[in-house]
Structure formats: C-alpha cells, structure tokens
Amino acid sequence: MGHLIDSATNNHRRFILAQLKRDLLFDGYEQDAWVDLQRYQEARWEDVLGLWEAFNLHLARVMESVPEESRLRETTDHNLESVSWEDVVPGTPVSLDFMMRDYTGHLRNHLRQIDPALSEPPGRQLR
C-alpha cells in the first residue's frame with residue numbers, strides 16, 4: 001500500500017506539471033527506497049489506508065478538473081518509456097490523458113493483486 005501512496009504522490013506532481021509545460025519529461029523515483037524510508041510497515045494499517053484513500057480522492061478531483069485542451073495535448077517530447085507503467089515507444093505521441101489512464105491501470109493492477117474485488121470501488125469508476 002505504501003508503494004501505491006508513493007505512486008499517487010509522484011503522479012500528482014506529474015499531472016500538475018504536465019499542465020504547466022509543453023513536454024512530458026519527468027524524474028523517476030526509487031520505489032523500494034521510498035517505501036523503506038517512509039517506514040510504512042511501522043505505521044498503523046488504518047492510517048496508511050486512510051492516507052491512500054484521501055490522496056486518491058484528491059487525485060481523482062485533480063484529474064477531473066484538467067481542461068480537455070491540456071489533457072489531450074500530445075507531444076513526442078517525453079520520457080514516459082522510463083516512468084510509465086505501460087510500455088511506451090520513445091518518440092510516440094502521448095498526452096496527459098495517457099498518463100492518467102496509465103496511473104489508473106497501474107493502480108487497478110496492484111489492487112487486483114491485493115483482492116480482485118478492490119479494483120473497482122462501489123459507486124466510483126476509475127478512468
């Protein structure tokens with residue numbers, strides 16, 4: 001669950017920055033080190049789960065508020081082959097919309113690993 005919080009954190013930053021610049025060039029992050037340094041295993045499960053839930057609700061609001069022009073603007077100036085969950089060929093046109101779908105696909109994949117029933121919360125559809 002700690003990895004999913006860190007993924008939300010990093011993607012939140014990317015979703016905001018993608019609206020402020022023309023390229024989609026982003027730093028990666030050392031996933032295992034992030035989890036280790038934050039010591040999620042020592043935190044109460046309820047606290048970790050609450051943080052994950054609150055962050056993703058916020059991220060869903062951010063994603064819903066992105067203007068269509070920003071969301072659909074494509075660029076070949078990106079490094080998503082290094083930071084996305086799905087395979088991306090360098091130089092292929094991509095958009096913020098792709099990045100948001102990639103994030104939710106990554107999230108669903110991990111939720112299915114935990115419990116198949118968790119991949120689609122009742123009453124809320126991930127896009």
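In what follows, every heavy atom counts, from backbone to side chain, and hydrogens, waters and symmetry copies are set aside. Quick note: residue numbers are just sequence positions, from 1.
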Look at the side-chain heavy atoms of Ile, Leu, Val, Met, Phe, Trp and Tyr, link any pair under 4.5 Å apart, and say whether [X] and [Y] land in one connected group.
{"X": "W85", "Y": "L111", "answer": "no"}
{"X": "L107", "Y": "I114", "answer": "yes"}
{"X": "V62", "Y": "L20", "answer": "yes"}
{"X": "Y29", "Y": "V83", "answer": "no"}
{"X": "V48", "Y": "V35", "answer": "yes"}

If you measure from [atom1] on [X] to [atom2] on [Y], what distance do you get to the nearest 0.5 Å?
{"X": "S65", "Y": "R61", "atom1": "OG", "atom2": "CZ", "result": "10.0 Å"}
{"X": "L51", "Y": "R44", "atom1": "CG", "atom2": "CZ", "result": "12.5 Å"}
{"X": "N10", "Y": "F15", "atom1": "CG", "atom2": "CZ", "result": "10.5 Å"}
{"X": "R101", "Y": "R71", "atom1": "CZ", "atom2": "CZ", "result": "9.0 Å"}
{"X": "F26", "Y": "R13", "atom1": "CZ", "atom2": "CZ", "result": "8.0 Å"}
{"X": "L96", "Y": "R73", "atom1": "CG", "atom2": "CZ", "result": "8.0 Å"}

Any idea which heavy atoms bring [X] and [Y] closest together, and the distance?
{"X": "M99", "Y": "L80", "answer": "CG-CD1, 3.6 Å"}
{"X": "D6", "Y": "Q38", "answer": "OD1-NE2, 2.8 Å"}
{"X": "S70", "Y": "Q19", "answer": "CB-CG, 4.2 Å"}
{"X": "E74", "Y": "S95", "answer": "CG-CB, 4.2 Å"}
{"X": "D102", "Y": "E86", "answer": "OD1-N, 2.7 Å"}
{"X": "S84", "Y": "F98", "answer": "CB-CE2, 4.3 Å"}

A quick test of your reading: do over 12 heavy atoms of other residues, nucleotides or ligands sit less than 6.0 Å from [atom1] of [X]?
{"X": "Q113", "atom1": "CD", "result": "yes"}
{"X": "E46", "atom1": "CD", "result": "yes"}
{"X": "D47", "atom1": "CG", "result": "yes"}

Within-4.5 Å side-chain heavy-atom neighbours: [X] and [Y]:
{"X": "M63", "Y": "T104", "answer": "yes"}
{"X": "V88", "Y": "V94", "answer": "yes"}
{"X": "W45", "Y": "M1", "answer": "yes"}
{"X": "N79", "Y": "L24", "answer": "no"}

Report the residues that fulfil ring pair (Phe, Tyr, Trp, His ring centres under 6.0 Å) with F55, sequence neighbours left out, ordered by chain and then residue number.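 If we apply the ring pair (Phe, Tyr, Trp, His ring centres under 6.0 Å) test to F55, skipping adjacent residues, the hits are H12.
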W52: partners by ring pair (Phe, Tyr, Trp, His ring centres under 6.0 Å), with sequence neighbours left out: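 So W52 forms no ring pair (Phe, Tyr, Trp, His ring centres under 6.0 Å) with any residue.
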Just checking, any donor-acceptor pair under 3.5 angstrom between side chains of Y103 and N56?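 On atom types as modelled, these side chains qualify, holding a pair under 3.5 Å.
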Backbone of G105 reached by a side-chain donor or acceptor of N109 within 3.5 Å: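 No; zero donor-acceptor contacts below 3.5 Å.
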Checking side chain to side chain donor-acceptor pair (under 3.5 Å) between H110 and each of H106, R112, R108, which is the one that passes? H106
